[in-house]
Amino acid sequence: MAKLTKLDDIVSLCKRRGFIFQSSEIYGGLASCYDYGPLGVELKNNVKKAWWKNVVQMRDDVVGLDCSILMHPMVWKASGHADKFADLIAECKKCNTRTRVDHLKDKTNEHGEEHTEHVAIESVSGQNLINKICPACGIVGQFTEPMPFKLMFETKMGANIDDSMTIQLRPETAQGIFANFRNVLDSTRVKIPFGIAQIGKSFRNEVTTKAFIFRTREFEQAELEFFCEPGTDMDWYNHWKETRFKWYTDLGLKKENLRFREHDPDELAHYAKGCVDVEYKFPFGSGDWQELEGIANRTDYDLRQHQRGMRTLNKWYENDRDLSKIELASEAEDYNKGPLSYFDEQKKERYIPYVIEPSAGMDRSTLAFLVDAYDEEEVRGETRNLLRFHPALAPIKVGIFPLVKKDGMPEVARKIYDNLKKYFNCFYDEKSAVGRRYRRQDEAGTPFCVTVDGQTLEDNTVTVRDRDSMEQARITTDNVLNYLRGKLDM
RNA sequence: GCGGGCGUAGCUCAGUGGUAGAGCGUCACGUUGCCAACGUGAAUGUCGUGAGUUCAAGUCUCAUCGCCCGCUCCA
């Protein structure tokens with residue numbers, strides 16, 4: 001079985017085979033950023049394709065979307081990210097514990113206020129914390145100068161420096177879906193229940209990253225916002241829970257390495273009615289169960305928040321476009337009939353739909369598929385290393401070889417290769433012994449290899465060798481494409 | 001952010017102040033011809049980066065970047 005027992009082994013495997021490299025490695029690397037190599041990009045693209053096929057293509061009730069990464073600043077005011085994602089943090093000099101300044105309790109007032117107020121960065125210095133207690137060790141007033149933390153990446157939009165606008169890189173793709181809810185309703189004839197799906201990059205300035213690609217600052221999400229009628233939401237929550245779990249196992253992840261983890265009620269965001277993580281057991285370390293995907297019942301929170309956001313727009317202009325100076329407008333009395341509501345033609349009633357959100361990390365699941373596929377086995381006293389990828393995920397589908405590099409075999413093999421590569425990713429190889437070429441493809445996880453041999457020249461047949469069993473079938477050259485299509489389900 | 005460990009060829013690693021190394025992998029030629037064969041040969045190094053100490057630094061010191069482990073943080 002797999003001998004990957006440390007994260008280092010996996011990092012090494014990823015680099016050696018061209019799956020994942022450290023970003024900017026020739027310059028000493030850039031923390032928390034990684035690049036996908038030639039095999040890695042194929043694998044990850046296949047993971048994304050498999051998600052899209054399962055969540056969009058094969059369903060009548062989901063449509064796709066691809067939003068811009070840069071969005072109007074008010075999007076993040078309404079979603080709550082602008083406030084929640086900007087904090088002042090002070091560190092206790094005694095125990096090195098870092099705490100949000102607005103969470104610190106006063107020595108004289110140990111009841112502690114609710115920390116909803118926004119703390120202006122200029123107004124707080126270490127001196128102001130002289131009476132504050134460290135929640136970890138109880139020491140009073142031993143804090144460092146507060147450090148401002150911004151969890152969203154900022155950039156400037158507009159080439160004119162004096163007239164440019166601060167914009168955030170999205171910390172999740174979901175808000176782009178909510179912002180387009182009305183557009184999709186008006187342009188596609190969808191009816192509730194229906195979903196909008198999107199795959200794309202998101203950015204978060206995590207306080208700590210670490211652990212290879214499990215928590216990176218730039219990452220790719222596949223998110224579905226599934227809109228349904230209030231009251232039916234828990235049924236859909238359970239539907240997506242099952243559907244999403246099955247997706248992983250159908251693509252070959254071993255069941256014993258997958259589990260659900262339901263969030264405790266006190267762990268839930270205040271608007272969420274339920275949340276479950278799909279976790280994968282990576283074969284290393286102690287904290288080995290890692291989240292691949294979260295499935296949440298977000299209720300009608302997001303659409304209601306954006307209705308409030310739309311009502312706040314003028315205030316934003318009036319306050320020099322400074323988000324920190326404004327409060328989100330209160331909710332309209334008849335918010336149910338607002339611009340982001342839905343009119344049910346049959347029931348003749350208008351409501352804000354509830355949302356079930358399966359949100360999957362594409363980088364994490366790509367790595368899980370890679371790690372799970374890794375295998376070592378003894379063959380005639382030698383170790384055979386291979387990746388047992390599901391055919392849909394394999395970066396290369398077929399290797400094509402001439403048995404030897406003479407007697408016209410390369411020409412015939414090339415011709416087969418030129419034909420097959422129109423249909424799937426193929427790799428042609430005529431270097432060194434054929435056994436070595438088989439093993440090289442095993443390492444890349446290629447499910448099938450086609451070999452042209454002496455018999456091919458006589459009766460127009462080739463051998464097709466199976467990665468997992470190493471068995472060969474003899475097929476007529478004309479039938480190779482159909483044979484492989486059947487085996488690969490493509 | 002704190003504590004600990006690490007950084008030498010594509011990978012795994014040796015090299016304890018004095019000429020930059022091995023195995024695997026890669027490439028070429030020969031041989032073999034269906035599962036990592038063999039022989040011969042070759043290429044590949046800012047020793048993470050920058051300073052310092054020294055006649056001399058991969059080796060000692062400092063800083064810095066990056067990675068791993070444990071806390072912490074985050075969700």
Side-chain angles (χ1 to χ4, degrees), chain A residues 6-18 21-34 37 84-85 87 89-100 103 134-137 144 147 149 151 171-172 204-215 217 261 263-264 266-269 272 275 277 284-287 290-291 294 296 359 361 376-386 399 401-407 409 430-443 449-456 462-467 469-472 474:
Chain A
K6 294 200 301 287
L7 188 53
D8 280 336
D9 297 338
I10 293 165
V11 174
S12 168
L13 171 85
C14 287
K15 179 167 187 192
R16 194 168 60 242
R17 310 234 174 117
F21 307 125
Q22 168 118 59
S23 166
S24 314
E25 198 184 54
I26 61 167
Y27 290 110
L30 180 63
S32 161
C33 295
Y34 293 90
K84 200 179 78 179
F85 272 46
D87 293 313
I89 292 189
E91 185 169 310
C92 173
K93 291 172 187 168
K94 289 286 178 213
C95 64
N96 294 319
T97 300
R98 293 191 295 191
T99 312
R100 279 174 58 169
H103 282 200
C134 173
C137 67
T144 60
M147 308 169 273
F149 269 68
L151 298 187
E172 61 175 33
R204 292 182 195 173
N205 262 321
E206 300 288 353
V207 177
T208 31
T209 52
K210 304 194 174 178
F212 199 37
I213 65 164
F214 299 115
R215 193 185 296 159
R217 296 197 168 112
R261 192 182 71 81
H263 287 217
D264 292 332
D266 61 353
E267 197 181 359
L268 293 173
C275 187
D277 290 342
F284 50 79
S286 48
Q290 304 277 348
E291 177 189 347
S359 172
E376 295 178 4
E377 64 177 22
E378 286 289 306
V379 177
R380 296 174 207 184
E382 298 279 350
T383 304
R384 185 170 82 114
N385 294 322
L386 70 160
F401 318 139
L403 182 61
V404 291
K405 201 167 59 176
K406 58 183 180 189
D407 300 338
M409 293 182 205
E430 57 180 29
K431 303 278 171 60
S432 68
V434 73
R436 180 185 277 291
R437 282 177 265 160
Y438 285 144
R439 296 301 174 83
R440 272 201 282 244
Q441 292 306 312
D442 288 342
E443 287 199 323
C449 293
V450 172
T451 300
V452 169
D453 56 14
Q455 197 179 328
T456 308
V462 292
T463 61
V464 178
R465 180 259 197 188
D466 177 86
R467 176 195 65 203
S469 66
M470 294 193 287
E471 280 169 9
Q472 289 174 302
R474 190 160 275 278

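Chain A is the first sequence line, chain B the second, and so forth, proteins listed ahead of strands; every chain is numbered from 1. This structure is a prediction, so every number in the text was calculated from the model and none was measured.
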Would you please name every residue forming a side-chain hydrogen bond (donor to acceptor under 3.5 Å, both in side chains) with [X], sequence neighbours left out?
X      : answer
A:R437 : none
A:E378 : A:T383
A:Y34  : none

Whole-Å distance between [N] [atom2] and [X] [atom1]?
X      : N      : atom1 : atom2 : answer
A:D466 : B:rC34 : CG    : P     : 20 Å
A:R437 : B:rC35 : CZ    : P     : 12 Å
A:D8   : B:rG66 : CG    : P     : 17 Å
A:R16  : B:rG10 : CZ    : P     : 14 Å
A:R215 : B:rU72 : CZ    : P     : 13 Å

*asked:* Applying salt bridge (charged side-chain N to carboxylate O under 4.0 Å, His left out), can you list everything that pairs with A:R474, at least two apart in sequence or on another chain?
replied: A:D453
*Can you list the residues that meet the salt bridge (charged side-chain N to carboxylate O under 4.0 Å, His left out) rule with A:R440, with sequence neighbours excluded?*
A:D429
*Side-chain donor or acceptor of A:R439 paired with backbone N/O of A:R384 under 3.5 Å*: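 Not at all, since once roles are kept as given, no pair shorter than 3.5 Å links the two residues.
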With 3.5 Å as the limit, what N/O pairs link the protein to nucleotides 41-48 of chain B?
| from | atom 1 | to | atom 2 | distance (Å) |
| --- | --- | --- | --- | --- |
| B:rU46 | O4 | A:I26 | O | 3.4 |

_Please compare A:E25 and A:V11 by the position of their nearest nucleotide in RNA chain B and report the one closer to 5'._
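First, find each residue's nearest nucleotide; the 5'-ward one identifies A:E25.
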*Starting at the 5' end of RNA chain B and moving along, which residue's nearest nucleotide shows up first, A:C33 or A:K406?*
A:K406
*asked:* Within the 4.0 Å heavy-atom criterion, would you say A:Q22 contacts the bases, only the backbone, or no part of the nucleic acid?
replied: sugar-phosphate
_Polar side-chain contact A:E443-B:rA36 base: donor and acceptor under 3.5 Å_ = yes
*Tell me, please, which residues at least two apart from A:S23 pass side chain to side chain contact (heavy atoms under 4.5 Å, CB included).*
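So A:S23 forms a side chain to side chain contact (heavy atoms under 4.5 Å, CB included) with A:L30, A:C33, A:D35.
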_Qualifying residues under side chain to side chain contact (heavy atoms under 4.5 Å, CB included), relative to A:E172, sequence neighbours excluded_ =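 Counting only residues at least two positions away or on another chain, A:E172 forms a side chain to side chain contact (heavy atoms under 4.5 Å, CB included) with A:H81, A:A174, A:Q175, A:R204, A:Q221, A:E223, A:R298.
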Pairs under 3.5 angstrom, nitrogen or oxygen only, protein versus nucleotides 20-30 of chain B, please.
| from | atom 1 | to | atom 2 | distance (Å) |
| --- | --- | --- | --- | --- |
| B:rU26 | OP1 | A:R440 | NH1 | 2.4 |

